[in-house]
Amino acid sequence: DFLIPLPSSLFQKSTSIGCSAVGDEVIINPQFEDGLSNWSGRGCQVVLHDSMADGKIVPETGKVFASASERTQNWNGIQQEITGRVQRKLAYNVTAVVRIFGNNVTTATVQATLWVNTPDRGEKYIGIGKVQATDKDWVQLQGKFLLNGSPSRVIIYLEGPPPGTDILVNALSVKHAEKIPPLPPPIIENPDYGVNIITNSQLSDGTNGWFPLGNCNLSAASGSPKILPPMARDSLGVHEPLSGRYILVKNRNQTWMGPAQMITDKLKLFLTYQVSAWVQIGSGASGPQNVNVALGVDNQWVNGGQAEIKDGRWHEIGGSFRIEKQPSKVMVYVQGPAAGVDLMVAGLQIFPVDRVARFKHLARQTDKTRKRDVILQFSGFESSSLFGTSVTVMQTQNSFPIGSCINRTNIENEDFVDFFVKNFNWAVFENELKWYWTEPQRGNFNYKDADDMLALCQNNKIETRGHCIFWEVQSTVQQWIQALNKIDLLKAVQNRLTGLLTRYKGKFRHYDVNNEMLHGSFYQDRLGKDIRTYMFKTANQLDPSATLFVNDYHVEDGRDTRSYPEKYIEQIIDLQLQGAPVGGIGIQGHIDNPVGPIVCSALDKLGVLGLPIWFTELDVSSLNEHIRGEDLEVMIREAFAHPAVEGVMLWGFWELLMSRDNAHLVDAEGEINEAGKRFLALKHEWLSHAHGRIDIQGQFEFRGFHGTYVVEVETELNKVSRTFVVDKGDSPLVVSIDL
């Protein structure tokens with residue numbers, strides 16, 4: 001292989017957009033200098049004040065403020081129509097100065113919302129931003145929005161507090177968003193990769209360096225494992241053994257009590273730290289106990305990893321964290337079991353991970369997993385006359401599925417669609433196939449959005465995942481379903497299966513059958529354990545061509561004892577034993593500061609089941625685009641290198657069109673950011689190219705990634721071009737090419 005430099009066109013915006021002067025105010029009369037002109041109440045009264053509450057409430061700026069009063073619904077508030085004053089595909093910043101008053105409410109959420117009406121699609125609501133307002137002070141609400149389509153009407157309004165509470169507004173402003181230059185890549189001097197920052201981790205000096213959190217007692221004891229926990233060993237490689245000594249914590253009368261250490265001065269910003277320890281609990285616990293390595297970062301709890309312990313064995317805890325703002329104090333502590341249960345902690349390590357070294361290891365693994373030896377056998381001329389002829393092989397597409405979620409409003413934005421179809425070969429619908437979307441009220445169906453999105457994918461030869469038939473978490477289940485009795489609920493479940501899978505038979509390659517079964521049990525609680533198996537069996541009967549997936553979150557990061565790999569395996573095997581045709585394992589992948597060996601450990605465990613694993617909803621988040629890109633690279637490289645993983649779906653890529661903040665690869669107006677560049681560079685890296693000459697046997701050999709290729713041969717007479725496909729396979733692929 002030889003590397004071709006990345007074409008600059010990869011990183012250019014796909015289309016130009018209309019101009020709008022940055023700083024132009026969209027709102028007319030934003031600070032009420034002209035009274036209530038252009039403002040109105042949304043289902044309530046709007047009143048102008050120079051003061052309220054006997055002079056205790058006065059404007060923060062200017063001479064007056066407005067109140068939305070006599071509110072009888074949460075959505076009542078103050079509004080202004082801005083139709084024709086905002087352009088599609090431009091980002092706008094919204095700021096408002098607000099507080100609340102009355103009804104004995106001291107704090108409430110105030111939200112800025114956009115009501116948008118489009119001729120063909122009706123009305124929709126876009127949440128812009130929210131703030132926790134109080135009755136004591138003015139606070140600033142900030143947000144940002146983007147319109148994809150061409151609405152006939154646009155109204156901005158404030159809403160949120162409970163009925164009877166007034167919303168007070170001193171100012172509301174909407175301006176075209178300025179481009180903010182990205183943060184520079186962090187410079188980390190002497191990162192000391194692999195060096196443990198915990199003092200006296202091996203307890204060679206008793207419990208010096210440690211202190212009890214709370215009035216528990218710490219002592220050093222012997223008899224813990226001398227081997228490094230496996231996830232730490234994968235990161236650290238060859239390492240001296242542990243001492244076999246552990247901290248014994250007795251007299252714990254609160255769950256948070258345990259051993260602690262201050263580590264403020266030892267941490268470096270922007271480094272990703274791996275957490276590792278052996279933990280065990282004493283006798284006397286009733287039921288399984290959670291143990292958590294936690295960090296108090298300026299009194300904020302940060303999860304460094306968890307384990308569930310229900311027997312007398314030592315358990316590995318593995319987790320990670322990163323700090324991106326300078327804290328004044330950081331404490332690490334181990335907590336979790338019920339009061340009265342002794343806690344044992346051995347070999348606690350916190351060390352920065354060397355991601356680049358891991359990438360080199362993964363590149364070697366990737367070569368074994370995703371490439372194949374290829375022999376091009378040329379014919380059409382005497383082989384002797386072909387000898388020495390120049391051959392160029394260029395891969396045009398890698399066949400590994402890398403997809404993204406899309407939603408109905410996204411696809412009205414041509415720039416979004418352009419980036420999507422160029423860079424992804426699979427799609428999943430963010431909400432539009434979910435039951436609460438397709439049947440919001442009983443018997444009131446909406447399949448139009450899903451139909452539109454499916455048509456876009458089919459027209460661009462993009463495969464689709466069906467997400468999701470059911471969602472087991474009660475808060476996501478629409479009210480009319482929650483109100484049904486058992487018989488009617490079962491009937492509704494049957495109708496949902498028949499309606500969805502008959503309509504789209506053969507259209508979706510995968511279905512997430514019952515989303516997040518490790519975190520919810522709405523249907524199981526009401527219809528019994530067998531309902532989950534019934535869902536899988538019925539879906540399979542209705543559309544045998546679709547692969548049926550389980551799908552859950554926090555499986556891969558060590559942070560959640562409800563969904564660590566062993567529990568997921570248990571659930572899958574249990575379903576299979578009941579006859580459920582589980583065909584794939586979905587790991588959502590909403591992750592923070594990922595560490596390769598921790599992710600890989602989960603994949604290894606799940607891989608034992610022999611089912612394809614997909615990352616189904618991958619996103620990472622950091623204010624710093626360089627760190628965000630690195631996090632994304634960790635996840636995609638781990639997935640691409642692992643033989644059990646057969647696809648990766650991102651949970652969006654475009655700013656303001658994602659459910660997670662600071663996770664985008666492309667900004668709201670189409671500029672590809674540093675994380676996006678990293679993503680495109682990876683895709684480019686995974687295209688194989690080769691150049692050489694035909695040998696005496698009329699052959700040309702190379703090793704390349706699976707996917708589609710073009711070969712160009714320059715004969716004496718002309719230049720001949722052919723396409724061919726490299727599929728997965730262990731033995732060399734012989735491709736006959738007739739010139």
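Note that the numbering runs from 1 along the sequence shown for the chain. Keep in mind the model is a prediction, meaning the values are calculated, not measured.
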Quick check against the 3.5 Å criterion: does Ser563 have a side-chain atom that pairs as donor or acceptor with the backbone of Tyr553? yes
Salt-bridge present (Glu674, Lys677; N to O < 4.0 Å): yes
Hey, are Asp727 and Arg372 close enough for a salt bridge, meaning a charged N less than 4.0 Å from a carboxylate O? no
Do the side chain of Lys434 and the main chain of Glu430 share a donor and acceptor less than 3.5 angstrom apart? yes
Using only atom types and a distance under 3.5 Å, with no angle test, would you say the side chain of Asn624 pairs donor to acceptor with the backbone of His626? yes
List the steps and the verdict of salt bridge (Lys or Arg N to Asp or Glu O under 4.0 Å) for Asp592 and Arg660. CA-CA 12 Å; Asp592 292 302; Arg660 194 170 181 191; 2.4 Å; yes
So Tyr504 and Phe508, would you call those rings parallel, tilted or perpendicular, with 30° and 60° as cut-offs? perpendicular
Identify each donor-acceptor pair in which a side-chain atom of residues 580-590 lies under 3.5 Å from a protein atom, sequence neighbours left out, and give them as a table.
| from | atom 1 | to | atom 2 | distance (Å) |
| --- | --- | --- | --- | --- |
| Gln588 | NE2 | Glu516 | OE2 | 3.0 |
| His590 | ND1 | Glu617 | O | 3.2 |
| His590 | ND1 | Asp619 | OD1 | 3.0 |
| His590 | ND1 | Asp619 | OD2 | 3.1 |
| His590 | NE2 | Glu617 | OE1 | 2.8 |

Is the cationic atom of Arg370 (NZ for Lys, CZ for Arg) positioned less than 6.0 Å from the six-membered ring centroid of Phe640 and within 45 degrees of its normal? yes
Distance, nearest 0.5 Å, that separates CD1 of Ile406 from CG of Asn431: 12.0 Å
Spell out, as yes or no, whether a donor-acceptor pair under 3.5 Å connects the side chain of Trp654 to the backbone of Ala668. yes
For a quick check under 3.5 Å, do Asn673 and Asp667 share a side-chain donor-acceptor pair by atom type? no
Per the side chain to side chain contact (heavy atoms under 4.5 Å, CB included) rule, which among Leu271, Val297, Leu267 passes with Phe321? Leu267
Are any side-chain N or O atoms of Ser235 and backbone N or O atoms of Ala232, one a donor and one an acceptor, separated by less than 3.5 Å? no
In Å, rounded to the nearest 0.5 Å, how long is the span from CD of Gln306 to NE2 of His554? 9.5 Å
Apply the test ring-ring contact (aromatic ring centres under 6.0 Å, His included) to residues His706 and Trp686: give CA-CA distance (whole Å), side-chain angles for both, the deciding distance (0.1 Å), then the verdict. CA-CA 9 Å; His706 309 135; Trp686 293 331; over 10 Å; no
Using the side chain to side chain contact (heavy atoms under 4.5 Å, CB included) definition, which of the options Thr547, Asn540, Asp543 pairs with Tyr511? Asp543
Thinking salt bridges, do Glu638 and Arg358 make one under a 4.0 Å N-O criterion? yes
Decide whether a cation-pi geometry holds between Lys422 and Phe419; the criteria are a distance under 6.0 Å from NZ or CZ to the six-membered ring centre and an angle within 45° of the ring axis. no
Is there a donor-acceptor contact under 3.5 Å from the side chain of Arg722 to the main chain of Val713? no
Hey, can you tell me if His684 and His689 have their rings parallel, tilted or perpendicular (30° and 60° cut-offs)? tilted
Here the gap from Arg628 atom CZ to Glu630 atom CD, rounded to the nearest 0.5 Å, amounts to 13.0 Å
Could you give the distance from CD (Glu671) to NE2 (His664), rounded to the nearest 0.5 Å? 11.0 Å
How are the rings of Phe420 and Phe653 set relative to one another: parallel (under 30°), tilted (30 to 60°) or perpendicular (over 60°)? parallel
Find the distance between CG (Asn514) and CG (Leu575) and round it off to the nearest 0.5 Å. 9.0 Å
